[in-house]
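Here the structure comes first, spelled out in C-alpha cells, and everything after it is commentary.
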Amino acid sequence: MKRKVALAQMDIQLGLPEANYQKTARAIKAAADHHADIIVLPEMWNTGYALNKLKDIADNNGQKTQQFLSKLALENKINIVGGSVAIRRGTSFYNTSYIYDQTGQLIGTYDKVHLFGLMDENQYLKAGVKESHFALAGIPSASFICYDLRFPEWVRTTARHGADILYFPAEWPSSRIKQWKIMLQSRAIENQAFVVAVNRVGTDLDNDFNGHSLVIDPLGNIISDAGEEERVSYAEVDLEKLAEVRGPIPVFKDRRPELYH
C-alpha cells in the first residue's frame, strides 16, 4: 500500500489568523490538485507564537478551525493532519491538533503534552494529558507536536499501540535544525515507523525557522527534505517496507516494560 503525502511548509504570519487561514486553504487545494492522499500542516499555523495575544486571537473551542478543516477535507477529498492551532477551552489555552479524513470527519485530536519553556509555552498554555492514535487513509498513525520529539518515552508509549506513520508538526528554530533531523531519524528507527515531520519557515519576534520538513523511512533514511523555502512538497510512503524492517527485529515484542521506570 502506497500513499502520497503533502507537507505544507509555510511562513506563518504572527498574530494574523485570517491571513494564515487563507494561506492554509491554498496549500490544501494545491495538495489535492497534486493528488496527495494526506496533507500535513505545521504547528500553531493559525497564530504563530503570538502567545501574549491569545485572549484576542485564539480559536474559541477550536470551532473555526474544525469547521475550516472539515469543509476543506470534504471539498478536496483529502485527509488532513491539521498541524496544530492555538485554541481557548474554558479559561485555558491549548496547542491542539485536529485530524480529519477525506469525508470531513474528525477522527483525532491532540493537545501538546510537553510545553516548551524557551518559547514561553509553559507561561500561557495548558499541557495535554492524552495520547493521539488513529487510522488515517487506512494507516494506523500517531501524532505529536514539536517539543514532544525530545521525549522518546512518550513517542514509544503512544507508538506501542501500533503506528505505521508518526506525524510531527513543528515550529522548530533553525539554530537547532541539526538535532531536529537526528531525533526524527531516531524516532523512525526505534519505532520502526515512517516519520512525517512538517516545520515552518520565516521569522517571528525571537526566532528564525528554516523548514527542512522531512519524510523518513523506518530505517532512518530521509526520503524527502523540503529544503528552506516556503512550499508544499510531496513524498510517497510505501507501507510494504514496514514488514521488511519489523520481521527480522521485533522490537515491540521484545520489550520488557516491567523494567522501565
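Note: hydrogens, waters and symmetry copies are ignored here, and every other heavy atom, side chains too, is used.
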Check your understanding: Thinking salt bridges, do Arg187 and Asp148 make one under a 4.0 Å N-O criterion?
Key ->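 Salt bridge flag = no for Asp148 with Arg187.
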Look at the rings of [X] and [Y] and say which category their plane angle falls in: under 30° parallel, 30 to 60° tilted, over 60° perpendicular.
{"X": "Tyr21", "Y": "Phe68", "answer": "perpendicular"}
{"X": "Phe151", "Y": "Tyr147", "answer": "perpendicular"}
{"X": "Tyr167", "Y": "Phe134", "answer": "parallel"}

Value rounded to 0.5 Å, distance of [atom1] in [X] from [atom2] in [Y]:
{"X": "Asn76", "Y": "Ile28", "atom1": "CG", "atom2": "CD1", "answer": "7.0 Å"}
{"X": "Tyr49", "Y": "Asn95", "atom1": "OH", "atom2": "CG", "answer": "5.0 Å"}
{"X": "Trp45", "Y": "Thr24", "atom1": "CH2", "atom2": "OG1", "answer": "4.5 Å"}
{"X": "Asp101", "Y": "Ile78", "atom1": "CG", "atom2": "CD1", "answer": "12.0 Å"}

Exercise for review: Mark yes or no for whether Ser132, through its side chain, and Ala142, through its backbone, hold a donor-acceptor pair below 3.5 Å.
Suggested key: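 Here the side-chain-to-backbone pair does not exist.
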Point to revise | Heavy-atom donor-acceptor pair, Asn79 side chain to Asp37 backbone, under 3.5 Å | key: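 Pair found, side chain donor or acceptor close to backbone of Asp37.
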Residue pair [X] / [Y]: nearest heavy atoms and the distance that separates them:
{"X": "Tyr124", "Y": "Leu51", "answer": "CD2-O, 3.4 Å"}
{"X": "Gln192", "Y": "Pro218", "answer": "C-CB, 3.8 Å"}
{"X": "Pro169", "Y": "Leu41", "answer": "CB-O, 3.3 Å"}
{"X": "Asp111", "Y": "Arg89", "answer": "OD2-NH2, 2.6 Å"}

Review point. Any chance CD of Glu229 has more than 12 other-residue heavy atoms, nucleotides or ligands included, within less than 6.0 Å?
Key: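 Open.
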**Study point:** Lys126 atom NZ, neighbour heavy-atom count above 12 within 6.0 Å
**Key:**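 Atom NZ in Lys126 is not packed in, count stays at 12 or less.
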Review point. Quick one: which of Arg200, Lys23, Arg231 gives a salt bridge (charged side-chain N to carboxylate O under 4.0 Å, His left out) with Asp11?
Key: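 The salt bridge (charged side-chain N to carboxylate O under 4.0 Å, His left out) with Asp11 is passed solely by Arg200 among Arg200, Lys23, Arg231.
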Practice item. Answer yes if Ile182 and Val155 sit in the same cluster of Ile, Leu, Val, Met, Phe, Trp and Tyr residues linked by side chain heavy atoms under 4.5 Å apart, and no otherwise. Key: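 Hydrophobic grouping puts Ile182 apart from Val155.
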Point to revise | Derivation of the side-chain contact (heavy atoms from CB on, under 4.5 Å) call for Asn199 and Ile177 | key: CA-CA 10 Å; Asn199 193 24; Ile177 204 68; 3.9 Å; yes
Practice item. May I have the step-by-step check of side-chain contact (heavy atoms from CB on, under 4.5 Å) for Ser224 and Tyr234, ending in yes or no? Key: CA-CA 8 Å; Ser224 172; Tyr234 303 91; over 6 Å; no
**Study point:** Chi angles and distances behind the side-chain contact (heavy atoms from CB on, under 4.5 Å) call for Lys53, Thr47
**Key:** CA-CA 9 Å; Lys53 298 181 180 179; Thr47 63; over 6 Å; no
Exercise for review: Test Phe144 against Val113 for side-chain contact (heavy atoms from CB on, under 4.5 Å), laying out the working first.
Suggested key: CA-CA 8 Å; Phe144 309 89; Val113 166; over 6 Å; no
